[in-house]
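Notes follow the structure.
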Amino acid sequence: MSGGAGAYAAVDLGASSGRVMVGRVGPGILELTEAHRFPNRPVRVPEGLRWDVLGLYAGVLDGLRAAGAVDSVGIDSWAVDHGLLDADGALLGNPVHYRDGRTDTVAEKVWATVPASELYAATGLQYAPFNTLYQLVAARRTRQFAQAERLLLMPDLLAYWLTGEQGTELTNASTTQLIDPRTRTWAHPVAERLGIDLGLFAPLRQPGDPAGMLRPEVLEETGLAGTVPVTAVASHDTASAVAAVPADGERFAYICTGTWSLAGLELDAPVLTEESRAANFTNELGLDGTVRYLRNIMGLWLLQECLRAWGGPDLGALLREAAGAPALRSVVDAGDTAFLAPGRMPERIAEACRASGQPVPDSPAATVRCVLDSLALAHRTAVEDAQRLAGRAVDVVHVVGGGTRNALLCQLTADACGLPVVAGPAEAAAFGNVLVQARAQGRAGDLAGMRRSLAGAQPLARYEPRGDTRRWKAARARIAGC
């Protein structure tokens with residue numbers, strides 16, 4: 001099917017919104033348009049923080065209706081979270097949100113059985129309190145978990161509702177802390193020691209594998225006709241975004257920016273050293289046998305929560321004012337899990353500055369500058385550490401995702417890293433999603449070819465570093481050990 005252009009619906013679900021994008025791919029053609037965008041608002045109920053997955057599914061159906069005729073559908077989303085199904089395939093309650101507090105004290109219980117160093121050596125995953133493994137240990141004594149016969153990660157759950165077919169896509173499975181990144185299969189010894197039944201998971205799928213056909217009821221509701229396949233893409237949104245980094249060669253770092261910043265390198269093999277574990281780097285699986293060696297950073301969540309606390313002021317005006325604020329006056333550790341939970345973000349940033357003996361931001365613009373300086377500093381540290389730990393030097397940093405629209409953050413990242421930053425595309429996850437679908441139908445080439453097509457078809461912005469990077473090193477010293 002390598003003839004003319006094909007049309008592909010990319011369902012791209014982020015932590016604060018979802019979208020259905022339509023990509024057209026063919027000889028000399030690579031276009032992406034938005035068909036439908038919808039909010040993703042978690043709901044706090046008496047038992048905790050939950051995803052409104054039915055609202056998300058309704059948004060997906062509305063998006064497919066708006067998309068019109070397509071040759072395939074692919075779904076990517078955030079990682080680790082999942083739905084539990086009973087023996088009849090019915091959902092057992094709304095999926096738990098990764099920011100819910102149920103896993104706050106679970107890691108120590110897990111490490112008592114599988115020490116942290118052994119867990120890392122087996123799975124290569126950084127410590128994050130919300131990893132799926134910790135969620136399963138936290139849930140194991142609940143009535144809901146006792147009734148569960150199947151666990152589907154979020155993109156796979158939505159694909160199941162669309163098609164009736166169940167599977168577990170590999171790039172997202174690699175975030176569960178239950179995959180061995182060397183074999184790219186389940187880490188059975190870890191699961192056995194922790195009493196986790198891997199039979200809960202549907203069979204593994206690779207990006208590009210078929211994931212079923214839209215059910216007749218879905219076709220009727222969306223107005224689509226014929227047989228419309230669903231294709232497994234790199235369903236962790238970061239994996240799709242990294243696949244869409246418009247890089248030339250291997251000497252690049254990437255930063256996927258949005259609610260989170262994911263900063264690191266693309267490697268051929270995992271780095272499973274104790275030094276890597278201590279630096280809290282993760283080895284997640286990517287397209288075509290690659291490893292996403294990266295560090296999680298709180299990202300624009302810090303800014304989003306500040307804006308929410310301030311009642312939604314004009315961001316453009318705040319960024320212009322922040323650009324003129326004193327540089328590196330105060331910084332915080334943008335990787336600190338103390339900033340994970342929602343609420344009181346300006347106050348928590350002020351408290352962190354006070355605790356480290358730095359000036360407390362005295363205005364919203366000063367807080368915004370603190371956030372952006374802190375993110376750029378965390379980007380610098382992650383890129384430096386990744387090069388050292390992996391033994392690979394880079395010449396350029398590619399920034400993709402929503403943060404590419406924040407010119408101040410991109411420039412500060414270039415300044416902090418002392419490297420040029422190439423920013424774009426903003427919709428990297430959707431592009432990666434679309435290109436994997438197109439490749440499955442013979443309309444796109446290998447990973448390098450996909451990246452070349454993006455570099456030629458998308459407007460990219462370049463930011464050259466300014467100033468002396470030693471001031472960033474000095475700023476880092478202010479929060480080291482805090």
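Owing to the predicted nature of the structure, the values given are computational and were not obtained by experimental measurement.
Judged as a ring pair (Phe, Tyr, Trp, His ring centres under 6.0 Å), not a single pair has a partner in residues 302-329 (not counting sequence neighbours). Identified under the ring pair (Phe, Tyr, Trp, His ring centres under 6.0 Å) test for residues 19-38, with sequence neighbours left out: His36-Phe38. Note on residues 265-304: pairs passing ring pair (Phe, Tyr, Trp, His ring centres under 6.0 Å), not counting sequence neighbours, are Phe281-Tyr293.
Between Leu133 and Leu119, the closest side-chain pair of non-hydrogen atoms falls below 4.5 Å. At a threshold of 4.5 Å between non-hydrogen side-chain atoms, the residues Arg251 and Val396 do not count as touching. At least one side-chain heavy atom of Phe431 sits under 4.5 Å from a side-chain heavy atom of Leu30. With a 4.5 Å cut-off on side-chain heavy atoms, Glu266 and Val245 do not count as touching. Between Pro246 and Gln458, the closest side-chain pair of non-hydrogen atoms is not below 4.5 Å. Residues His379 and Val399 form no side-chain contact, since every pair of their non-hydrogen atoms from C-beta on lies 4.5 Å or further apart. With contacts defined as side-chain heavy-atom distances shorter than 4.5 Å, the pair Arg380/Leu377 qualifies. Side-chain atoms of Leu153 and Thr175, non-hydrogen and from C-beta on, never get closer than 4.5 Å to each other.
With values rounded to the nearest 0.5 angstrom, Thr171 atom OG1 is found 9.0 Å from Asp76 atom CG. Distance check, rounded to the nearest 0.5 Å: CD of Gln126 to CG of Leu294 gives 6.5 Å.
The side chain to side chain donor-acceptor pair (under 3.5 Å) check on Arg99 picks up nothing, with sequence neighbours excluded. Remark: Ala440 engages Thr231 in a side-chain contact (heavy atoms from CB on, under 4.5 Å) (not counting sequence neighbours). Among residues two or more places apart in sequence or in another chain, the side-chain contact (heavy atoms from CB on, under 4.5 Å) test is passed with Arg470 by Asp468. Not a single ring pair (Phe, Tyr, Trp, His ring centres under 6.0 Å) links Trp472 to another residue, sequence neighbours left out. For Asp248, the salt bridge (Lys or Arg N to Asp or Glu O under 4.0 Å) test picks out no residue, with sequence neighbours left out. Applying the side chain to side chain donor-acceptor pair (under 3.5 Å) criterion to Arg329, with sequence neighbours excluded, gives no partner residue. In terms of the ring pair (Phe, Tyr, Trp, His ring centres under 6.0 Å) criterion, residue partners of Tyr134 (sequence neighbours excluded) are, by chain and number, Tyr127. Every residue meeting the salt bridge (Lys or Arg N to Asp or Glu O under 4.0 Å) condition with Glu34, not counting sequence neighbours, appears here in chain and number order: Arg37.
With hydrogens and angles disregarded, no donor-acceptor distance shorter than 3.5 Å links the side chain of Ser261 to the backbone of Thr257. Asp71 places a side-chain N or O within 3.5 Å of a backbone atom of Ala7 that can act as its donor or acceptor partner. A distance-only check finds a donor-acceptor pair linking the side chain of Tyr254 to the backbone of Leu265 [under 3.5 Å]. With Asn433 contributing its side chain and Gly74 its backbone, the two residues share a donor-acceptor pair below 3.5 Å. With Arg308 contributing its side chain and Met345 its backbone, the two residues share no donor-acceptor pair below 3.5 Å. When atom types are taken as modelled, the side chain of Thr273 and the backbone of Ser276 share a donor-acceptor pair closer than 3.5 angstrom. Panel note: side chain Gln411, backbone Glu464; a donor-acceptor pair is recorded below 3.5 Å. Between the Thr413 side chain and the Leu409 main chain, a donor and an acceptor come within less than 3.5 Å of each other.
Classification of Asp288 and Arg439 as a salt-bridged pair holds, one side-chain N sitting under 4.0 Å from a carboxylate O. Remark: Glu351 does not engage Arg354 in a salt bridge, criterion side-chain N to carboxylate O under 4.0 Å.
Taking the six-membered ring for Trp and thresholds of 30 and 60 degrees, Trp260 and Phe130 have ring planes more than 60 degrees apart, a perpendicular arrangement.
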Inset, instruction - Decide side chain to side chain contact (heavy atoms under 4.5 Å, CB included) for Val332 and Phe339; before the verdict, give the C-alpha distance in whole Å, the side-chain angles of both, and the deciding distance to 0.1 Å. - result: CA-CA 10 Å; Val332 298; Phe339 298 118; 4.1 Å; yes
Inset, instruction - Test side chain to side chain contact (heavy atoms under 4.5 Å, CB included) on Tyr8 and Val233 and set out the steps. - result: CA-CA 12 Å; Tyr8 303 94; Val233 297; over 6 Å; no
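A 6.0 Å sphere centred on CZ of Arg388 holds more than 12 heavy atoms belonging to other residues, nucleotides or ligands.
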Tabulate below the donor-acceptor pairs under 3.5 Å that side-chain atoms of residues 10-17 make, not counting sequence neighbours, or state none.
| residue | atom | partner | partner atom | Å |
| --- | --- | --- | --- | --- |
| Asp12 | OD2 | Arg19 | NH1 | 2.9 |
| Ser17 | OG | Arg19 | NH2 | 2.7 |

